[in-house]
Each structure stands twice: as C-alpha cells, then as structure tokens.
Enquirer: 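Pasting a structure here, questions to come.
Below, read A as the first sequence line, B as the second, and so on, with proteins coming before strands; counting in each chain starts at 1.
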Amino acid sequence: MDKKVRVRFAPSPTGGLHLGGVRTVLFNYLFAKQHGGDFIVRIEDTDQSRFVEGAEDYIFKTLEWCGLIPDESPQHGGPFAPYRQSERKASYKQYAEQLVTAGYAYYAFDTPEDLEKMRIDYKTAENPSPQYNYVLRSKMRNSLNLPAEEVSKLLAEGRPFVIRIKTPENETVSFTDMIRGEVSFNTSQVDDKVLLKADGMPTYHLAVVVDDYAMKITHAFRGEEWLPSAPVHLLLWKYLGWEAEMPQWAHLPLILKPEGNGKLSKRDGDRLGFPVFAMDWTDPKTGEKTIGFKERGFLPEAFVNLLALLGWNDGTDTEIFTIEQLIAAFSMDRVHKGGAKFDYEKAKWFNHEWIKKLSIDQLQLLVREQFIGNGIEVNDSNKLHKVIELVKDRCTLLNDFVQQGSFFFNSPSQFDTASIKPKWDAVKNMFFIELAKAYESSIVWESSDLEKELKELAAAHQLKPGELMLPLRIMLVGGKFGPGVFDIAAVIGKEATVERIRTVLGLLEHQ
RNA sequence: GGCCGGUUCGUCUAUCGGUUAGGACAGCCCCCUUUCACGGGGCAAAGACGGGUUCGAUUCCCGUACCGGCUACCA
C-alpha cells in the first residue's frame, strides 16, 4: 500500500451536525492524519428538496470549532474541485448511461403511482415491503420489458425516467469491513436501486461511488446505517470497472439513545435536556433553535475527546487524550462493533477533566466571554487570572464560571441572610462592625493577614472563628459556596470587602 | 416479514482459552474541607440463554432470545 491515504466526510446539508456525524468526521480525520493522508469534505446535496440554507456553512463552522480542518472541501478548495455534488451533476449521468449500455442498468418509466400500486399489489404478510428486483422488474415499465422502439420513443418524447441498477439474482457479494471483518450479502435480497433520478440528479448510491473514485478515496468510513446498501456500492464499483480502486470500508457503530432504544436523535436531546448537535443550530424555516455542545459550555478538546472514546479505546485505562495523542493511538480495528448509548454525565466529566487540565491562560479568553455574555464587565485580566485559578476545579461546564465567580466582579444581588439569622446576636453584630473597621484600616491585603486579623479580633470578643466564617462568607459571596473566604476577600479588595460586610449588617438590622 | 449487524456491572468499556473478570461515569459510605465543590480512600455492581469444541471457555462454533439498522426517485 503505497497510495496516499485519502478519506472523506460526505454530509448532506440538511441541518445541524450531531454527535454521530462529528464522530464520523473525527475517525476520518484521525485515520488520515495518522497515515499522513488527506481529509476531504464533500457536500452531498443531490436532494434539492432537503437542502437547507446555512447548513453547509454550519458544518464548516463546527469543524473549525472542533479543530478538524479539512485538507480539501468546497470552502478550502483542492485539486478535485468542485466538492459539491450539485456542481458535479454532469458526470453522474454519463456513468449511469455507461452502465445502461453495458447492460448493468436500465431505464425505468414507472410513475410514483405505478410504484405505489406495485407495493400494494405485491404486499403480503410474509413480504410487507416488496422490492423492485429481479422478480418484479419484469412486471414494470422499464427498458428491460418494453420494446426497444417504445423505449426510444419515450426517451425522445422527454418522458421522465430514472436509471436503476440491474442487480443480479442469487450472487454473493462480500467485502472485508475494517471493523466487522468479512460481511456478505446475497444479491437476491438487494433491490434495483435508483441510480439517477428523474430530475437528472444522482442518488447517493451512484454519487458516492463516482466521487470516491474521482477523488481517489482510499478508505471510506460511514455510519452503520449504510451497511445494508454496501452491496449496491460494491456492485457499482465492479460494473464501472473500478474494482481495483475500491476503497476499504469501515462501518461505524451507531450512537444510541440513553435509554437504549434506537439511534440518538435531536429530539432525545430536547426531551432529556442535553445537546445533540455540536453547536447551536437554528432551523431557517421554522426558526426552531437547538442547543449545541459549544454553547452549553463544552471545550472543543473535551468534545473531541469524549467522542473518540464513544466506541473506541486504546486498550489501556487512559481516557483523557489530546488530539495529537488520539492521532497517534487511534486504530480502526479497536473500534467497537456495537452501538453505544450516550451518557451525558460522562460527557460532562470529560469537560470537567479538560477544564482542570487546561492552563489559566488557555481558559482566560473563553471564561471572559462567559462573563461578558452574562453582562459582567471584566476589565482587570490580572484579577480574572486569580478568579480562574480559584474556581476552575469546581467548574464542569464553561458557564459554571459565571455562577462560581460572578461575585468576584459584582456585589451579590441576593444575600442568604436566612442562613445567618438563627445564630445572629449583638456580640456578632459588634464583631463585624469592628471587623469592617479593622479591615478598612489594613495596610496589607493578603489572604493570610486577613485571616489572622479575624482570629485576633474574634479572640478579643470571645468568639470562635468557626461561627464567624459562615456569616462572612455570605456577606462576601451571597451564599454558601465558593473558594476560601479570605482568598475571596483578597481578590475582591478592601473596598468591596468592607462595603459588603456593611451592606449585610444593614440588611440584618432591618429584617 | 426479510436481510444485515450487535449482545461483559445501570452506562462507556478492558480481556487477543487459564484473571479474586480490571478501569471510568453514575450511586452509596468514609476522610479532607471553619461553606460548597475538588480531591483521597472504600462499598456495591456484569459475561442474555441453551448446546457443543476443549483438560479448561466471557473469549471459538451452532441454535435461541433480545436489541439495533435497512427495507424511498432521503441521505
């Protein structure tokens, strides 16, 4: 094998990119990069009725966010352009005609009504979905049955037609799947799939073969849902005379619903409250918005990591991988055969690990965005740095930084005074009045000094420091959470600390 | 219905015939913590079923069951 590895991801621009799609991209990308090959993105927009404005752009934005940049694509260019199938329309027809001439395909003039009638007429209890195949094609209106003159006449009249592959009876087609090993089919079970539609556009089956050949694709990875149509593709590679160039196939396992039944869909995310798409997607027709992992506060590193481990592992206990480590460790034969149920809790764990793993500088920009997005001004990057250092270990998602850290920048809008009141008395009130005064006149403003000051003052008032910590925390934070109180005081500064103590003292007095 | 694929703790998974079947998430308990988390330690938890093959099967073969995918002029 001295051919340069070339793989492709071939999405249809019909909506947001979901987990499974991104994982397919990832595995393609990892395989290509590991072998020093090329990763191509080809847009399969052969069905105009399903075309969705903005979907292609969304796909590339997603890939960019994930850091999975194509070497060739409609937006990156490349030697095999165009990379949109709608722009390669002419070539498909030529190959379809070639197949007809060679006797491997035929014209079919059946109307949608004809087809529907056939499916009803031949439907039986044992065979609820009759196929257009070697037994039924003799009963339909196609160039195999019609007299040659009539076929030419229909064609000359411009009557709508499709070209269907003539799948042979009772032949065995098999291939070696990189994940599943040898898989074989009997052609009697596969129907005469439409290759070229009445509008002159190819179906997926023809287009994928023609383009994989044209673009010199060496390895084709796609979801398991494509396994049943593999024999059609195999036949096409053979009939077109390109068998020697056929890529190696791998059919990836599906990502399933958490409760187990069926493949994961956008709806499941809406229903169960977690993202399924990589990034936010707004349907241009309905205006319906679907949340994405990015906007939910996931790091791209974590997203890629969790996707890689969904159906693959390196055989060790390692779970946290950088993209470079994934490129080095990945192997298709370690991809699982069975589908994996998606577990959002585990997904969050990956993100948590990545937040802890990244340096404060790497986090800075993202965290700043979170604060700004929530209307919190962050102009002191030195302070931001300290805040991140203090709270990063307690954040699972990026937006947790806001909950965990907004009080560093703005005074809390709510104070949980209810938690102070039961044990509040005049002695404590006096203590805090004096603490505020003492802090106000502090010269140094370091965490350890602030703690020392409080303890000394507590001793003077015959109070135990322990019973003062909670009130002080609530004064500074608003609630019962956050890092060490004195660390917080050190970061928010003298003025804010004193002000917040006095604010809560005021609240307690008036309640 | 047919065809194809799959089946190890609740979930993701390790195991390339011989293990007390390992790890991670979630759960529970303990420790740490003058808050809440993080963290540390621990507990509980699995080979779908039935036949073979073998000295020995989670691992190989067959059957059954269950789950999934496909069965469009959609991808």
Enquirer: Taking OP1 and OP2 of B:U13, is either one under 4.0 Å from a side-chain nitrogen or oxygen of A:N313?
Expert: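 No, no such contact exists.
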Enquirer: Which whole number of Å gives the distance between the C1' atom of B:C16 and that of B:G51?
Expert: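 The same atom, C1', in both gives a distance of 25 Å.
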Enquirer: Specify the residues of residues 342-358 of chain A, ordered by number, for which at least one heavy atom lies under 4.0 angstrom from an atom of RNA chain B.
Expert: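 Contacting residues: A:D343, A:E345, A:K346, A:W349, A:H352, A:K356.
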Enquirer: State which of B:C4, B:G1, B:U35 makes the closest approach to the side chain of A:P128.
Expert: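 Closest nucleotide among those given: B:G1.
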Enquirer: Paired with B:C3 by Watson-Crick or G-U wobble geometry, both distances under 3.5 Å: which nucleotide is it?
Expert: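 When the pairing criteria are applied, B:G69 turns out to be the nucleotide that pairs with B:C3.
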Enquirer: For A:Y106, enumerate each residue passing the ring-ring contact (aromatic ring centres under 6.0 Å, His included) test, keeping only those at least two apart in sequence or located in another chain.
Expert: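 Checked A:Y106 against ring-ring contact (aromatic ring centres under 6.0 Å, His included); zero matches.
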Enquirer: Starting at atom CG of A:L470, determine the distance to atom P of B:C36, rounded to an integer number of angstrom.
Expert: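 After rounding, the reported distance stands at 9 Å.
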Enquirer: Who is the Watson-Crick or G-U wobble partner of B:C43, with both distances under 3.5 Å?
Expert: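 Paired with B:G27.
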Enquirer: Using the C1' atoms only, state how far B:C74 lies from B:C70, rounded to an integer number of Å.
Expert: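 After rounding to an integer number of Å, I get 13 Å for this pair.
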Enquirer: Measure NZ/A:K341 against C1'/B:U8 and give the value in whole Å, please.
Expert: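 In whole Å, B:U8 C1' lies 13 Å from A:K341 NZ.
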Enquirer: In whole Å, measure the gap between the C1' atoms of B:A26 and B:C43 for me.
Expert: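 Looking at atom C1' only, B:A26 and B:C43 are 15 Å apart.
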Enquirer: Does anything in residues 41-51 of chain A form a side-chain hydrogen bond (donor to acceptor under 3.5 Å, both in side chains)? List the pairs, not counting sequence neighbours.
Expert: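 Qualifying pairs, neighbours excluded: A:R42-A:E44, A:R42-A:D212, A:E44-A:Q85, A:D45-A:S86, A:D47-A:S49.
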Enquirer: Can you tell me which residue pairs pass the salt bridge (Lys or Arg N to Asp or Glu O under 4.0 Å) test with a partner in residues 120-133 of chain A, sequence neighbours excluded?
Expert: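 Passing the test, one end in residues 120-133 of chain A: A:K117-A:D121.
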Enquirer: Check every strand shown and say whether A:K455 touches a base, only sugar-phosphate, or nothing at a heavy-atom separation below 4.0 Å.
Expert: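 It contacts base atoms.
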Enquirer: How long is the line joining CG of A:D400 and P of B:C38, in whole Å?
Expert: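 Distance check: A:D400 CG to B:C38 P gives 11 Å.
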Enquirer: Say you pick atom P in B:U20 and the same atom in B:U13; how far apart are they, in whole Å?
Expert: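 Looking at atom P only, B:U20 and B:U13 are 26 Å apart.
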Enquirer: Write down the distance separating the P atoms in B:U8 and B:U58, rounded off to the nearest Å.
Expert: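 After rounding to an integer number of Å, I get 15 Å for this pair.
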Enquirer: Check whether NZ of the Lys or CZ of the Arg A:K421 lies under 6.0 Å from the centre of the six-membered ring of A:W424 and within 45 degrees of that ring's axis.
Expert: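 No, A:K421 does not lie over the aromatic ring of A:W424.
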Enquirer: Under 4.0 Å between any heavy atoms, over every strand shown, what does A:G338 touch: base, sugar-phosphate, or nothing? Just pick one.
Expert: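 Result for A:G338 = sugar-phosphate.
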Enquirer: Need one value for A:S184: base, sugar-phosphate or nothing, where a base atom within 4.0 Å counts as base even if backbone is also close, heavy atoms only.
Expert: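 A:S184: backbone/sugar contact only, no base atoms under 4.0 Å.
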Enquirer: Is A:K337 close enough to B:G6 that one of its side-chain N or O atoms is under 4.0 Å from OP1 or OP2 there?
Expert: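 For B:G6, neither OP1 nor OP2 has a side-chain N or O of A:K337 closer than 4.0 Å.
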Enquirer: Taking only the C1' atom of each, what is the distance from B:G47 to B:C38 in whole angstrom?
Expert: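 Roughly 35 Å separates the two C1' atoms.
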Enquirer: Please, which pairs that meet side-chain hydrogen bond (donor to acceptor under 3.5 Å, both in side chains) have at least one residue in residues 387-398 of chain A, sequence neighbours excluded?
Expert: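 For residues 387-398 of chain A: none.
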Enquirer: Any salt bridge (Lys or Arg N to Asp or Glu O under 4.0 Å) involving residues 460-472 of chain A? Give me the pairs, sequence neighbours left out, ordered by first then second residue.
Expert: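 Sorted result for residues 460-472 of chain A: A:K428-A:E467.
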Enquirer: Distance between the P atoms of B:G6 and B:A14, in whole angstroms?
Expert: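 Pairwise P distance, B:G6 against B:A14, rounds to 14 Å.
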Enquirer: Which residue pairs pass the salt bridge (Lys or Arg N to Asp or Glu O under 4.0 Å) test with at least one member in residues 304-322 of chain A, sequence neighbours excluded?
Expert: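 As it turns out, the salt bridge (Lys or Arg N to Asp or Glu O under 4.0 Å) pairs with a partner in residues 304-322 of chain A, which skip direct neighbours, are A:E319-A:K346.
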Enquirer: What does A:H251 touch in the nucleic acid at a heavy-atom separation under 4.0 angstrom: a base, only the sugar-phosphate, or nothing?
Expert: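 Contact class for A:H251: none.
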Enquirer: A:Q403: what forms a side-chain contact (heavy atoms from CB on, under 4.5 Å) with it, not counting sequence neighbours?
Expert: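 Applying side-chain contact (heavy atoms from CB on, under 4.5 Å) to A:Q403 gives A:D400.
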Enquirer: Taking atom C1' in both B:C60 and B:G68, compute the distance separating them and give it to the nearest angstrom.
Expert: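 These two C1' atoms come out 25 Å apart once rounded.
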Enquirer: Without decimals, in angstroms, what is the distance between A:I320 CD1 and B:C12 P?
Expert: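 Between P of B:C12 and CD1 of A:I320: 18 Å.
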Enquirer: My understanding is that a pair needs two contacts under 3.5 Å, Watson-Crick or G-U wobble. By that rule, which nucleotide pairs with B:U33?
Expert: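 B:U33 is paired with nothing.
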Enquirer: Could you tell me how far apart A:L272 (CG) and B:U11 (C1') are, to the nearest whole angstrom?
Expert: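 Answer to the nearest Å: 13 Å.
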Enquirer: Using heavy atoms to find the nearest nucleotide of RNA chain B for A:R334 and A:R180 separately, return the residue whose nucleotide is more 5′.
Expert: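 Its nearest nucleotide being more 5', the pick is A:R180.
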Enquirer: Would you classify B:C30 as syn or anti? Syn applies when the glycosidic angle is within 90° of 0.
Expert: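 Glycosidic conformation of B:C30: anti.
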Enquirer: Suppose we define a pair by two distances each less than 3.5 Å, Watson-Crick or G-U wobble; what does B:C38 pair with here?
Expert: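 When the pairing criteria are applied, nothing turns out to pair with B:C38, so the answer is none.
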Enquirer: Going 5' to 3' along nucleotides 69-75 of chain B, which nucleotides have protein heavy atoms under 4.0 Å from the base (write B), which only from the sugar-phosphate (write S), and which from neither (write -)?
Expert: BSB-BBB
Enquirer: Between B:U34 atom C1' and A:K428 atom NZ, what is the distance in whole Å?
Expert: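 In whole Å, B:U34 C1' lies 13 Å from A:K428 NZ.
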Enquirer: Restricting to nitrogen or oxygen on both sides, can you table the protein-nucleotides 18-20 of chain B pairs closer than 3.5 Å?
Expert:
none

Enquirer: Applying side-chain contact (heavy atoms from CB on, under 4.5 Å) between A:Y92 and each of A:I163, A:V209, A:T203, A:L206, report the one that passes.
Expert: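 Result: among A:I163, A:V209, A:T203, A:L206, A:L206 is the only option passing the side-chain contact (heavy atoms from CB on, under 4.5 Å) with A:Y92.
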Enquirer: Going by atom types only, do A:N127 and A:T124 share a side-chain donor-acceptor pair under 3.5 Å?
Expert: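 Not at all, the side chains of A:N127 and A:T124 share no donor-acceptor pair under 3.5 Å.
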Enquirer: Of A:Y132, A:Y107, A:F109, which is the lone residue that meets side-chain contact (heavy atoms from CB on, under 4.5 Å) with A:N142?
Expert: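 Single pass found, and it is A:Y132.
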Enquirer: Can you sort out the partners of A:R84 under side-chain hydrogen bond (donor to acceptor under 3.5 Å, both in side chains), two or more places apart, ordered by chain and number?
Expert: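 Result, side-chain hydrogen bond (donor to acceptor under 3.5 Å, both in side chains) vs A:R84: A:E56, A:E87.
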Enquirer: If I take atom CG in residue A:D393 and atom P in nucleotide B:C36, what distance separates them, rounded to the nearest angstrom?
Expert: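 Taking CG of A:D393 and P of B:C36, I get 17 Å after rounding.
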Enquirer: With nearest nucleotide decided by heavy atoms, which residue, A:G311 or A:E467, maps closer to the 5′ end of RNA chain B?
Expert: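 Comparing both residues, the 5'-ward one is A:G311.
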Enquirer: Could you please name the partner base of B:C60, counting Watson-Crick and G-U wobble pairs only when both distances are under 3.5 Å?
Expert: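 Base partner found: B:G52.
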Enquirer: Excluding sequence neighbours, so at least two apart, what forms side-chain hydrogen bond (donor to acceptor under 3.5 Å, both in side chains) with A:Q362?
Expert: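 A:Q362 satisfies side-chain hydrogen bond (donor to acceptor under 3.5 Å, both in side chains) with A:S359 once adjacent residues are dropped.
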Enquirer: In whole angstrom, what separates A:L252's CG from B:G68's C1'?
Expert: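 After rounding, the reported distance stands at 15 Å.
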Enquirer: For A:H251 and A:R222, test the side chains for any donor-to-acceptor distance below 3.5 angstrom and give the result as yes or no.
Expert: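 On atom types as modelled, these side chains qualify, holding a pair under 3.5 Å.
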